[in-house]
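The sequence lines fix the lettering, A, B, ..., with proteins before strands; numbering per chain opens at 1.
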Number of protein chains: 2
Amino acid sequence: MTKKQTYSIGELAREFDVTTRTIRFYEDQGLVSPARRGQTRVYSPADRVMLKLILRGKRLGFSLAESKELIGMYQPQSDNRHQLLALQSKIQQRREQLEQQLRDIHAMQLELDDAEQRCVDAMNDLEK
Amino acid sequence: MTKKQTYSIGELAREFDVTTRTIRFYEDQGLVSPARRGQTRVYSPADRVMLKLILRGKRLGFSLAESKELIGMYQPQSDNRHQLLALQSKIQQRREQLEQQLRDIHAMQLELDDAEQRCVDAMNDLEK
DNA sequence: GGGGAAGTTTACGTTAACGTAAAGTATGAG
DNA sequence: CTCATACTTTACGTTAACGTAAACTTCCCC
């Protein structure tokens, strides 16, 4: 028995806590392309994975266009040497961006530590 | 000698690679409030730090409003116990969001590793 | 067969974060 | 004095990422 799993738009919307409008919008932008049973959209596990990747991109501040490009990088269909080199270069750029984000997160965490400490101190002061 | 350092809007724009329009927009939004010498804006080191924090927020996908709130957290001026508790709660939320971002980044890094490997393989195949 | 829930298309509205253009002011160089 | 450069305000324009409303179909339940 193969997992013949499919999803309705409503199911996915609930799972990922977005509206159906959002999912249809992503289709407009060419990020997902669900099958149809009549008029109705039928989503595959692959479509579901796409959504996951898009939303992960969003959490990191990526635009839909960026996420789309990023996802495209995961399957190099190029047989052209030049394009492969270009792809590698893009991958490298993304890597560097992610590392910048890591640094930024670390800095913020330190500041949050600091902020919380001042909170605690302020509360201790309140208790005379 | 105190560091009597100040900056023009143009200097800061160049340093942070944004337009002057952007910096004025941030002022409109109440994120910075430079002094004036006549009509002309004069930025202090503190203003410069603000800009840094805002742009760091941007790199992590924060809206200006979120960055503003976050920066506000760094100096609890509250003498109210209830507000201090609320602030702690917000700090905790930010922490959790940052940790989600860390997980997201890690996942992306793994996928980039994978993507690059496929690139390398494809290039090796090209060399017969 | 009437109704409700979930799906559909079409289309106009909204918000954030600036871009861009116009028109004026100030200031140092030559 | 004149010109270039850097600043200023005012104001309309733009893009991304959906929200929201209207009007319609499909399907299932009782």
Side-chain angles (χ1 to χ4, degrees), chain A residues 5-44 47-48 50-72 94 97 100-101 104, chain B residues 5-44 47-48 50-72 94 97 100-101 104:
Chain A
Q5 187 77 299
T6 67
Y7 313 88
S8 76
I9 194 169
E11 284 173 342
L12 292 180
R14 254 167 283 137
E15 174 174 2
F16 294 121
D17 195 32
V18 297
T19 68
T20 59
R21 173 70 175 93
T22 295
I23 298 181
R24 290 196 194 96
F25 177 74
Y26 292 164
E27 183 175 350
D28 260 34
Q29 307 301 304
L31 293 167
V32 290
S33 21
R36 297 277 181 144
R37 210 187 54 198
Q39 280 275 74
T40 306
R41 275 164 257 253
V42 177
Y43 294 86
S44 70
D47 291 323
R48 186 169 159 281
M50 276 293 165
L51 282 180
K52 245 190 206 173
L53 295 178
I54 295 166
L55 297 176
R56 191 170 72 194
K58 276 197 61 177
R59 289 194 299 270
L60 291 176
F62 287 40
S63 73
L64 296 185
E66 285 174 319
S67 283
K68 188 177 178 182
E69 193 191 301
L70 228 167
I71 294 171
R94 285 296 160 196
Q97 183 187 346
Q100 177 63 54
Q101 287 189 311
D104 288 333
Chain B
Q5 188 76 300
T6 68
Y7 312 88
S8 77
I9 194 169
E11 282 172 343
L12 291 181
R14 254 167 282 137
E15 174 174 1
F16 293 122
D17 196 31
V18 298
T19 67
T20 58
R21 173 70 175 92
T22 295
I23 297 181
R24 289 195 196 98
F25 177 73
Y26 292 163
E27 184 176 348
D28 259 34
Q29 306 303 303
L31 294 167
V32 290
S33 23
R36 298 277 180 145
R37 210 188 52 198
Q39 280 277 71
T40 307
R41 276 164 257 253
V42 178
Y43 294 86
S44 70
D47 292 323
R48 187 169 159 278
M50 275 294 165
L51 282 179
K52 247 191 203 171
L53 294 179
I54 295 166
L55 298 175
R56 191 170 72 193
K58 278 198 59 178
R59 288 194 299 269
L60 292 176
F62 288 38
S63 72
L64 296 185
E66 285 174 318
S67 284
K68 188 177 177 181
E69 193 192 303
L70 229 166
I71 294 171
R94 285 296 160 195
Q97 182 187 346
Q100 177 62 54
Q101 287 190 310
D104 289 333

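At D/dC18, none of the side-chain N or O atoms of A/Thr19 fall inside 4.0 Å of OP1 or OP2 (strictly under the cut-off). Within the structure, a side-chain polar atom (N or O) of B/Lys58 is placed less than 4.0 Å from OP1 or OP2 of C/dC18.
Between A/Tyr43 and B/Leu64, it is A/Tyr43 whose nearest contact on DNA chain C lies nearer the 5' terminus.
When distances are taken from the side chain of A/Thr22 to each of D/dT8, C/dG19, D/dG19, the shortest belongs to D/dG19.
With B/Glu66 contributing its side chain and B/Ser63 its backbone, the two residues share a donor-acceptor pair below 3.5 Å. With A/Gln29 contributing its side chain and A/Leu64 its backbone, the two residues share no donor-acceptor pair below 3.5 Å.
For a distance-only test at 3.5 Å, the side chain of B/Arg21 qualifies as a donor-acceptor partner of the base of C/dT20.
Residues A/Tyr43 and A/Gln5 are not in side-chain contact: their nearest non-hydrogen atoms beyond the backbone lie 4.5 Å or more apart. Counting only heavy atoms from C-beta outward, the side chains of A/Leu60 and A/Gln101 approach each other to under 4.5 Å.
If you measure from atom CZ of B/Arg24 to atom P of D/dT9, you get 7 Å, rounded to the nearest angstrom. Spacing between atom CD of B/Glu27 and atom P of D/dC7 amounts to 14 Å, rounded to whole angstrom units. In this structure, the CD atom of A/Gln39 is 8 Å from the C1' atom of C/dT9, given to the nearest Å. Atom CD1 in A/Ile23 sits about 15 Å away from atom P in C/dA6, given to the nearest Å. Atom C1' of nucleotide D/dA16 and atom CG of A/Leu31 are separated by 12 Å, given to the nearest angstrom. Whole-Å rounding puts the B/Asp28 CG to D/dT8 P distance at 12 Å. In this entry the distance linking CZ of A/Arg37 with C1' of D/dC27 reads 10 Å, nearest Å. The CG-C1' distance, from A/Leu12 to C/dG7, rounds to 14 Å in whole Å.
For the atom pair CG (A/Asp47) and CD (A/Glu27), the distance works out to 8.5 Å, reported to the nearest 0.5 Å.
Using a 4.0 Å heavy-atom cutoff across all strands shown, B/Ser8 reaches sugar-phosphate atoms only and no base atom. A/Arg36 comes within 4.0 angstrom of sugar-phosphate atoms only, judged by non-hydrogen atoms across all strands, and of no base. Note on A/Tyr26: only backbone sugar-phosphate atoms sit closer than 4.0 angstrom, heavy atoms only; bases stay farther off.
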